[in-house]
Engineer: 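Questions regarding the structure given below will be posed in turn.
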Amino acid sequence: MPAMPEASVKSAPQKAMEKLGLVRDIDLALHLPLRYEDETRITPIAALRENEPAQVEGVVVDCQIEMRGRRQLLVRLKDESGSLLLRFLHFYPSQQKQMAAGGRLRVRGEARIGFFGREMVHPVVKVVDEDTPLAQSLTPVYPASAQLPQAYLRKAVASGLARADLREILPVGVVQSVGMGGLPSLKDALNYLHHPPPSASQEALHEHHHPAWHRLKFEELLAQQLSQLQAQRERALLVAPALRARPGGLHEKLLAALPFQLTGAQQRVAEEIAQDLARPQPMHRLLQGDVGSGKTIVAALAAAVAIDAGWQCALMAPTEILAEQHFRKLVGWLEPLGLKVAWITGSVKGKARQKMLDAAASGEAQLVIGTHAVIEDKVRFAKLGLAIIDEQHRFGVAQRLALRNKLKAMDLEPHLLMMSATPIPRTLAMTYFADLDVSTIDELPPGRSPIVTKVFTESKRHDVVDKIRGAVADGAQVYWVCPLVEESEVVDLRNATETHAELSAALPGASVGLLHGRMSSTDKAAVMAQFSGGQMSVLVATTVIEVGVDVPNASLMVIEHAERFGLAQLHQLRGRVGRGAKASACVLIYSPPLSDTGKARLKAMAETTDGFEIARRDLDIRGPGEFMGSRQSGAELLRFADLQEDAPLLVAARALAPRLLDEHPEAARRQVARWLGTKAEYLKA
Ligand code: ADP
Ligand code: MG
């Protein structure tokens with residue numbers, strides 16, 4: 001019988017460590033303490049202060065089990081300054097023996113000073129003798145888990161730290177050259193952070209302000225910048241079809257047929273995109289513009305250029321409703337010019353689906369529009385020249401990687417255009433999106449009236465309904481957004497179905513429709529068609545309408561339980577109105593009490609309609625981690641650096657990265673490997 005390979009027999013703590021990503025020595029070395037316990041000094045009992053952690057040492061004068069309401073073990077400890085009661089509500093007989101009278105104990109805990117004097121409940125106890133040495137450094141407390149005892153983890157980290165190769169990777173002088181010369185080496189920094197000397201400021205450690213922390217964050221940011229730069233350079237080596245716009249070509253015909261003129265901003269970004277397309281390297285560009293700024297026509301123009309040059313274009317949107325709306329709009333624009341547009345989503349099935357797949361594979365369809373179904377394995381393109389992703393932040397990391405891998409399989413790499421209404425704050429643009437070119441539409445089409453936003457509590461709901469009655473009588477179209485589809489465990493949440501019934505009753509004679517995520521796509525499309533055609537006055541909907549829906553005549557947006565939505569989401573929803581010349585309003589209804597962040601969000605909504613300002617505040621309220629949303633799922637990409645606080649470190653790392661890559665490529669490679677290991681792939685998504 002073959003011997004069992006030893007590596008396959010893993011203990012529970014080993015498995016728990018793997019789960020935390022603690023595999024290599026360097027992973028252990030980079031697993032930093034959450035906080036520290038101070039076992040380096042002894043506090044005299046008389047000097048103990050209420051609720052402050054401390055360590056004392058003394059001799060047991062009494063150890064008894066008593067019934068004081070419940071059974072408990074009471075131990076009286078004495079030193080030269082005074083006496084302390086140790087109280088154990090849960091204990092083993094062995095503990096009673098361990099703490100027998102006459103023994104010397106070192107105990108650590110938080111003191112309470114009560115009627116019967118000083119006491120500690122469930123302190124950590126160690127039996128010592130008179131010359132047991134004190135700890136030489138603060139004791140680290142690591143992020144652990146139920147299966148991973150702190151003591152086990154401490155040992156594992158200490159030996160990982162000792163074994164890890166922490167030799168200096170960065171050539172002498174480069175750290176100084178970007179003004180970071182005062183920082184300790186990585187090795188010193190890690191030794192310090194795992195085992196700080198007794199004199200260390202716990203505050204600087206905790207707040208991550210210590211130079212050792214700065215070194216760590218700088219190294220991490222540098223690795224991240226390097227990996228982005230590498231991705232960018234790799235991309236520059238790829239070959240894409242050069243798609244040149246012909247004078248008198250499709251895009252000019254499309255422009256001529258439009259009922260409006262492009263804004264200056266639209267012209268500018270369309271030109272930036274056209275220049276990218278004309279180059280034989282794949283474009284990697286983000287088109288950002290506030291909701292309603294007119295990104296779709298810019299995308300259509302790019303598609304026209306690609307198609308005119310003899311290539312196919314794919315357009316992906318995160319939801320069926322949005323994909324369908326793009327489909328209608330682009331068919332309206334492009335089919336009169338003789339183009340064929342295919343439509344692929346999860347709900348297109350059977351023969352119809354096969355027909356679409358064939359049209360994409362043969363090249364008969366010059367434009368393919370759909371949801372993420374477009375990146376499924378079965379979809380093939382004859383000659384894909386341009387891929388456009390709308391609302392790119394709504395796609396997860398896995399989907400973006402799938403798209404990238406699919407595109408990689410082609411002879412020539414297609415150009416990639418991503419669109420988003422959520423502007424990327426500066427520090428994020430310098431990190432996660434560093435290898436992305438950005439075009440910004442910073443102007444709204446003319447004739448838009450500003451949206452007035454009002455915030456009401458739930459108790460004013462009736463007044464809101466009265467207002468709607470008046471508005472509808474004047475021919476207005478209204479969105480009413482509810483957060484949940486069905487009554488769930490959250491009983492107090494008004495659901496869309498109920499609201500629909502209620503509004504139907506409250507607005508006799510008005511057509512009130514209902515749209516939610518559980519409806520079939522045919523039903524959804526039918527409802528949307530009625531609303532956008534103007535036959536329906538009020539559309540009660542869940543957040544299925546969140547992104548991109550475009551019905552210019554709609555002028556009133558009511559959002560119920562607004563406190564449950566994120567700021568970006570609220571802004572997106574509000575952006576569904578104010579798209580025509582009609583004065584528009586947004587009403588946010590909330591149920592008190594509001595949390596602090598809930599308050600901050602509603603306040604931001606009431607104070608500004610500027611998407612960039614909203615994004616900035618959103619980042620303030622949530623911090624970068626959450627702001628990134630699904631992009632980060634599966635991997636916490638920056639563990640140590642805080643993009644807001646550490647902007648100066650980021651600037652330095654950014655300055656250093658290209659020099660390191662050019663002048664010390666081997667050091668650059670090792671830096672990325674040390675820090676990112678397998679995560680580098682994610683950073684490229
Ligand atoms: P978003 O940037 O949010 O995707 P859309 O592309 O949906 O915005 O455009 C919003 C609305 O503005 C659409 O009805 C679109 O046809 C219209 N639009 C776009 N550009 C202009 C323009 N230059 N002048 C007038 N209307 C425009
Ligand atoms: Mg859009």
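Read the numbers this way: they start at 1 and go in the same order the structure lists the ligands and their atoms.
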Engineer: With a 3.5 Å distance limit and no angle check, can you tell me whether T608 reaches the backbone of D610 through a side-chain donor-acceptor pair?
Structural biologist: yes
Engineer: For ligand 1, which atoms sit closer than 4.0 Å to a heavy atom of L262?
Structural biologist: 23 (N)
Engineer: Quick one: does F327's side chain get under 4.5 Å of T345's, heavy atoms only?
Structural biologist: no
Engineer: Please say whether more than 12 non-hydrogen atoms of neighbouring residues, nucleotides or ligands are located less than 6.0 Å from CD in E335.
Structural biologist: yes
Engineer: Run the contact test for S293 against ligand 1 with a 4.0 Å cut-off on heavy atoms, strictly below, and give the result.
Structural biologist: yes
Engineer: Is the shortest distance from a Lys or Arg side-chain nitrogen in E413 or R235 to a carboxylate oxygen in the other one below 4.0 Å?
Structural biologist: no
Engineer: Please state whether M419 comes within less than 4.0 angstrom of ligand 1, counting heavy atoms only.
Structural biologist: no
Engineer: Counting both backbone and side chain atoms, is some N or O of G292 under 3.5 Å from an N or O of ligand 1?
Structural biologist: yes
Engineer: May I ask whether R448 places a heavy atom under 4.0 Å from ligand 1?
Structural biologist: yes
Engineer: If I apply the N/O under 3.5 Å rule, does T296 come out as touching ligand 1?
Structural biologist: yes
Engineer: Considering the heavy atoms of Q261, write down every atom of ligand 1 situated less than 4.0 Å from one of them.
Structural biologist: 22 (C), 23 (N), 24 (N)
Engineer: Any side-chain to backbone donor/acceptor pair from E563 onto S591? Under 3.5 Å, distance only.
Structural biologist: yes
Engineer: What atoms of ligand 1 come closer than 4.0 angstrom to any heavy atom of K329?
Structural biologist: 13 (C), 14 (O), 15 (C), 16 (O)
Engineer: For F260 and ligand 1, does the shortest N/O to N/O distance drop below 3.5 Å?
Structural biologist: no
Engineer: Could K355 and D358 be called an ion pair, given the rule that one side-chain N must be under 4.0 Å from one carboxylate O?
Structural biologist: no
Engineer: Report, in ascending order of atom number, the atoms of ligand 1 lying under 4.0 Å from any heavy atom of V291.
Structural biologist: 3 (O)
Engineer: For R285 and S439, does a side-chain donor sit closer than 3.5 Å to a side-chain acceptor?
Structural biologist: yes
Engineer: Find all atoms of ligand 1 within a distance of less than 4.0 Å from any non-hydrogen atom belonging to R579, and give their numbers and elements.
Structural biologist: 3 (O), 7 (O), 10 (C)
Engineer: Donor-acceptor check, side chain of K383 to backbone of G363, threshold 3.5 angstrom: yes or no?
Structural biologist: no
Engineer: For ligand 1, which atoms sit closer than 4.0 Å to a heavy atom of P445?
Structural biologist: 20 (N), 21 (C), 22 (C), 24 (N), 25 (C), 26 (N), 27 (C)
Engineer: Within a distance under 4.0 Å of any heavy atom of T263, pick out the atoms of ligand 1 and give their elements.
Structural biologist: 23 (N)
Engineer: Quick check against the 3.5 Å criterion: does E443 have a side-chain atom that pairs as donor or acceptor with the backbone of T263?
Structural biologist: no
